[in-house]
Amino acid sequence: MDHRTVERLALASRPSTVKSTIRIFAPKEDTVELGIYFSPMWTLESSFPPAERDGEQKCKWVVKTKPGGVIEHLGTSVVVSELFYEATPDTSVMSLTRFVTPGNSYAMPLQSFMVHIGNVLDSFGLSITARSSFLSNNFPAFSLHRNIAYRFMPPKSINRAIELWCTHTVPITWTRIFFMWRGVSDDELASAFGPAGMGEKAAYEKDWKDVIEYKDEAGDRELFSVLEVSAIECA
């Protein structure tokens, strides 16, 4: 049994989790609460800095925001550039594979995908550091597959499952990037995604900025904005 097979079996034995980072960009220093409501089908597994839990479906961070994307967690005095949480869906009542199919997602070979997804993230206004972090954090899982199928979820769908809130008083520009993916065999790529018109060429023509409702104001550092980037493998 080769090492790639061993890695695949190890990953298959783990529950599917969404790993999310939250960045806050504020034009001036302020103290805010930022929290999450989880639907009953999702469970918070971990967070850093540690979020304050309020029952099973709610948590929050109390932080001091500073210009340049600096976040000071007031509970621990830890200074970070992003908040992190990990949550698990209840797969006994929700099949993740239905979220990534030839009817709603695009697929292409791994090498093409890595270039393509970097360009998509760039169009969302992610910095080179944020793009590099996303790619490097997910590449070990991506690399176990010859082809990748993927999609981004619209904000309304995300909010029904995992809703963010913030106590900041002035308007907030929200950008929620929720990336869902799975590995695809050569046969499935050729027989399902290709004939459905959901291959590499179609992926490059897709306007994902419209899907995630990206706003140009998200890049204005004179305004208060929140950027969340999430990824989950729908195996």
Does a donor on one side chain sit under 3.5 Å from an acceptor on the other, for [X] and [Y]?
| X | Y | value |
| --- | --- | --- |
| Y85 | E228 | yes |
| N104 | R98 | no |
| S191 | D187 | no |
| S225 | T173 | no |

For the backbone of [Y] and the side chain of [X], can you confirm whether one donor and one acceptor N or O come within less than 3.5 Å of each other?
| X | Y | answer |
| --- | --- | --- |
| S136 | S132 | yes |
| T167 | E33 | yes |
| S185 | E188 | yes |
| S47 | A51 | yes |
| S143 | P140 | yes |
| Q57 | W42 | yes |
| S127 | A130 | yes |
| R151 | M180 | no |

ask   = Does E56 CD have over 12 foreign heavy atoms under 6.0 Å away?
value =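 It does not: E56 CD has 12 such atoms or fewer within range.
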ask   = If you draw a 6.0 Å radius around CD in Q111, do more than 12 non-hydrogen atoms from other residues or ligands fall strictly inside?
value =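 12 or below, so no.
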request  = Given side chain to side chain contact (heavy atoms under 4.5 Å, CB included), test H145 with W181 step by step and report yes or no.
outcome  = CA-CA 11 Å; H145 306 279; W181 72 280; 3.7 Å; yes
task = Please test Y150 against H116 for ring pair (Phe, Tyr, Trp, His ring centres under 6.0 Å), starting from the C-alpha separation and ending with a verdict.
result = CA-CA 11 Å; Y150 81 96; H116 169 66; 5.6 Å; yes
key: Non-neighbouring partners of F134 that pass ring pair (Phe, Tyr, Trp, His ring centres under 6.0 Å), sequence neighbours left out   =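 F134: ring pair (Phe, Tyr, Trp, His ring centres under 6.0 Å) contacts with F179.
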inquiry  = Do F178 and Y214 land in one hydrophobic cluster if side-chain heavy atoms of ILVMFWY residues count as linked below 4.5 Å?
reply    =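 In one cluster with F178: Y214, no.
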query = If two hydrophobic side chains count as joined below 4.5 Å and joins carry through other members, does V226 share a cluster with F48?
reply =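 Yes; F48 is reachable from V226 via cluster members.
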inquiry  = Tell me if the aromatic rings of F25 and F224 count as close, with their centers under 6.0 Å from one another.
reply    =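 No, the ring centres sit 6.0 Å or more apart.
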inquiry  = With side chain to side chain contact (heavy atoms under 4.5 Å, CB included) as the criterion, how do I232 and L96 come out once you've worked through the C-alpha distance, each side chain's angles and the decisive distance to 0.1 Å?
reply    = CA-CA 9 Å; I232 184 170; L96 290 178; 4.1 Å; yes
I117 vs L135 side-chain heavy atoms within contact, under 4.5 Å =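 Side-chain contact under 4.5 Å: yes.
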message = Using side-chain heavy atoms (C-beta onward) and a distance below 4.5 Å, is V32 in contact with V63?
response =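 Sidechains of V63 and V32: in contact.
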Are the charged groups of [X] and [Y] less than 4.0 angstrom apart, N to O?
| X | Y | result |
| --- | --- | --- |
| R182 | E233 | no |
| R146 | D186 | yes |
| K64 | D30 | no |

query = Would F124 and F152 satisfy ring pair (Phe, Tyr, Trp, His ring centres under 6.0 Å), going step by step from the backbone distance to the final call?
reply = CA-CA 12 Å; F124 294 160; F152 292 93; 5.2 Å; yes
inquiry  = Set out, in order, the CA-CA distance, both residues' side-chain angles and the distance that settles salt bridge (Lys or Arg N to Asp or Glu O under 4.0 Å) for D54 and K60, then state yes or no.
reply    = CA-CA 8 Å; D54 182 6; K60 70 177 182 181; over 6 Å; no
Minimal non-hydrogen separation, V100 against S105, with atom names =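 For V100 versus S105, the nearest heavy atoms are CA-OG, 3.3 Å.
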